[in-house]
Protein chains: 2
Amino acid sequence: MTTAARPMRADARRNYERLLAVARDAITEHGAEVSLDDIARRAHVGPGTLYRHFPNRDALLAAVLADWAEELRRQGDELVADPDPAGALDRWLHLLLGHLGTYRGLAAAILASAGDDESALGHACQPMHDTGRTLVDRARTAGTVRSELTAADVHRMVHGIALITENLPDRAAAADRMLTVLVAGLRPPPDAAAGH
Amino acid sequence: MTTAARPMRADARRNYERLLAVARDAITEHGAEVSLDDIARRAHVGPGTLYRHFPNRDALLAAVLADWAEELRRQGDELVADPDPAGALDRWLHLLLGHLGTYRGLAAAILASAGDDESALGHACQPMHDTGRTLVDRARTAGTVRSELTAADVHRMVHGIALITENLPDRAAAADRMLTVLVAGLRPPPDAAAGH
DNA sequence: ACCTGAACACCGTTCAAGT
DNA sequence: ACCTGAACACCGTTCAAGT
C-alpha cells in the first residue's frame with residue numbers, strides 16, 4: 001500500500017508520486033530533516049501542493065517509510081513465531097537497529113512520534129512497536145530480560161544507539177559494540193535469575 | 001572563571017552579563033535550541049550584540065555551562081582519586097547522566113560538539129571527556145569493562161540515555177533503569193573474565 | 001570599541017487567486 | 001478538485017551606520 005486507495009485526479013496523482021520519489025532521494029541524501037521547500041522545488045510543485053498531499057513532515061516520512069515499515073513488520077512476525085524468546089529478541093534488536101540506520105534523522109523522528117496518535121509516522125510505526133512489545137514481554141516472562149524494564153525502555157535504547165552513532169565514521173561497528181552492551185545488560189543479574 | 005579576564009568597556013560588560021543571565025533562563029525554560037533572537041530581545045540588545053559576544057550558539061552554551069563543567073570536573077577528579085575502578089566509573093556515569101539532565105537539548109549539543117576543536121562547547125567539555133577516558137580506561141584495565149569498548153562508546157551511550165529520556169514524564173526513573181542496563185552490559189561476559 | 005537594527009537568505013505554513 | 005506562488009511569521013547571520 002504505497003499509495004492511497006481513493007481515486008485521484010491524474011495530475012494530482014502524478015504530483016503525489018513525484019513528491020514521494022523526490023522526498024525519498026532528498027531524505028537519503030540529507031536526512032529526515034531536509035527542507036520541505038527544497039523537496040517541493042525539486043519536484044517542480046509549489047509548497048502548497050506538497051502540503052496538500054502531506055500536511056506535515058511526519059506524514060511525508062510515513063509515506064516514504066511505508067515499504068520500510070512493512071518489511072520490518074514482516075520480519076518481526078517471523079521472529080514472533082520463533083520459539084526461542086531470547087534469541088528472537090536479540091535478532092529483532094539487531095534488525096531494528098539496522099533499519100533505523102537507513103536514513104539519518106530517522107531514529108529521532110520515530111522517537112518523537114512514538115505514542116502520538118495524531119502522528120502519521122507514529123501510526124506507521126505501530127506494528128514495529130507492537131512487535132517489540134511482544135518480543136520483550138515474552139523474553140521477560142522467560143526470565144531473559146530484567147523484570148523492571150518496559151518494552152518501551154528497550155526500544156528507546158535501540159533508537160538511542162541509532163541516534164548517537166549516525167554521524168560516526170565507523171557507524172556500523174560502533175553500533176554493534178553498543179548493541180552488544182545493551183543485549184548483555186538486558187539479562188537479569190545472576191542472583192535474581194531464580195527469582196522468577 | 002565565569003567571565004573573561006580581558007578588560008571590557010562598562011556597557012559591553014553589562015550587555016555580556018545580561019545576555020548570559022537571560023540565556024541561562026531561556027535555556028532552562030526552552031532548552032538548548034532556544035531562539036538566539038529571542039535571547040537578544042529579552043536582554044534588550046540587538047542580535048548583532050549577541051553575536052559580538054558569542055559568535056555562535058556553541059559559544060553561548062559554553063559560557064552558560066562554565067560552572068556546570070567546572071563542578072563536573074571537580075567531582076570527576078575525586079572519582080579519579082577513588083581506588084575502586086568499577087565503583088568510581090559507575091558513580092561517574094550516574095553523575096554525568098544527572099548533569100546532562102540539567103537542560104533539555106544539552107546532551108545533543110555536547111554530543112555534536114565532542115571532538116570538534118573549533119567548538120567552544122567541545123572545548124568546555126574536554127575535562128569531562130578526559131575524566132571519562134581515565135575512568136573507563138582504568139576500569140577496562142582492571143577487567144570490569146569489556147575490552148572492545150572505547151571510552152567514547154561509553155560516554156556516547158550515557159549521552160544517548162539522556163537524549164531519549166529528556167521528554168519522558170518519568171524521566172529520572174526511566175534514565176535510572178537504562179543506566180542500570182548500561183552499567184551491567186559494560187562488564188565483560190563471564191567466559192572472558194579470566195582472559196585478562 | 002562597541003552597539004544598533006536593517007537586510008539577507010533561508011525556514012514552515014497558509015491562503016487567495018487561478019485553472 | 002487541485003495547483004500556484006505570493007505572503008506571513010519566523011529563523012540565524014552579517015554589516016553599514018551610528019555613538
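To find a chain, count down the sequence lines: A is the first, B the second, and so on, and within it residues start at 1.
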Checklist entry - Should we count CD of A:Glu71 as having more than 12 external heavy atoms under 6.0 Å? => result yes
Item to check | Distance in angstrom units between B:Glu17 CD and C:dC3 C1', rounded | outcome: 17 Å
Checklist entry - Which salt bridge (Lys or Arg N to Asp or Glu O under 4.0 Å) pairs, counting each pair once, include a residue from residues 47-63 of chain A, with sequence neighbours left out? => result none
Checklist entry - Can you list, by residue number, the residues of residues 108-122 of chain B that have a non-hydrogen atom closer than 4.0 angstrom to DNA chain D? => result none
Next on the checklist: Whether B:Asn15 contacts C:dC2 is assessed here as follows: a side-chain N or O lying under 4.0 Å from the phosphate OP1 or OP2. Is that the case?
Outcome noted: no
Next on the checklist: Rounded to whole Å, please give me the gap between CG in B:Leu19 and P in C:dT4.
Outcome noted: 10 Å
Checklist entry - Nearest-Å distance, CZ (B:Phe54) to C1' (D:dT14)? => result 18 Å
Item to check | Any A:Asn56 side-chain nitrogen or oxygen under 4.0 Å from OP1 or OP2 of C:dG12 | outcome: no
Item to check | Nucleotide C:dC2, atom P - distance to CZ of B:Arg13 in whole Å | outcome: 11 Å
Checklist entry - In dot-bracket notation, what is the pairing pattern of DNA chain C, taking Watson-Crick (N1-N3 plus N6-O4 or O6-N4) and G-U wobble (N1-O2 and O6-N3) contacts under 3.5 Å, with [ ] crossing and | for other strands? => result ||.|||||...|||||.||
Checklist entry - Which pairs with one or both residues in residues 145-169 of chain B pass salt bridge (Lys or Arg N to Asp or Glu O under 4.0 Å), sequence neighbours excluded? => result A:Arg177-B:Asp153, B:Arg146-B:Glu148
Checklist outcome for this item: The side-chain hydrogen bond (donor to acceptor under 3.5 Å, both in side chains) partners of A:Arg187 (sequence neighbours excluded) come to A:Asp90
Item to check | For B:Tyr103, ring pair (Phe, Tyr, Trp, His ring centres under 6.0 Å) partners two or more places apart | outcome: none
Item to check | All ring pair (Phe, Tyr, Trp, His ring centres under 6.0 Å) counterparts of B:His123, not counting sequence neighbours | outcome: none
Checklist entry - By side-chain hydrogen bond (donor to acceptor under 3.5 Å, both in side chains), which residues pair with A:Thr102, not counting sequence neighbours? => result A:Trp68
Next on the checklist: Going by the rule side-chain hydrogen bond (donor to acceptor under 3.5 Å, both in side chains), which residues pair with A:Arg91 if we only count those two or more places apart in sequence or in a different chain?
Outcome noted: A:Asp82
Checklist entry - Rounded to the nearest Å, what distance is computed from the NE2 atom of residue A:His53 to the C1' atom of nucleotide D:dC2? => result 8 Å
Checklist entry - Tell me the salt bridge (Lys or Arg N to Asp or Glu O under 4.0 Å) pairs involving residues 103-123 of chain B, sequence neighbours left out? => result none
Checklist entry - Distance from A:Met128 atom CE to A:Leu65 atom CG, nearest 0.5 Å? => result 10.0 Å
Item to check | Distance in angstrom units between A:Arg52 CZ and C:dT19 P, rounded | outcome: 17 Å
Checklist entry - Does B:Arg73 have any side-chain hydrogen bond (donor to acceptor under 3.5 Å, both in side chains) partners at least two apart in sequence or in another chain, and if so, which? => result B:Glu70, B:Asp77
Checklist entry - Which residues in residues 32-50 of chain B have at least one heavy atom lying under 4.0 Å from any atom of DNA chain C? => result B:Val45, B:Gly46, B:Pro47, B:Gly48, B:Thr49
Checklist outcome for this item: Between CG of A:Leu60 and P of C:dG12 the distance, given in whole Å, is 11 Å
Checklist outcome for this item: From OH of B:Tyr51 across to C1' of D:dA16 the rounded distance in Å is 18 Å
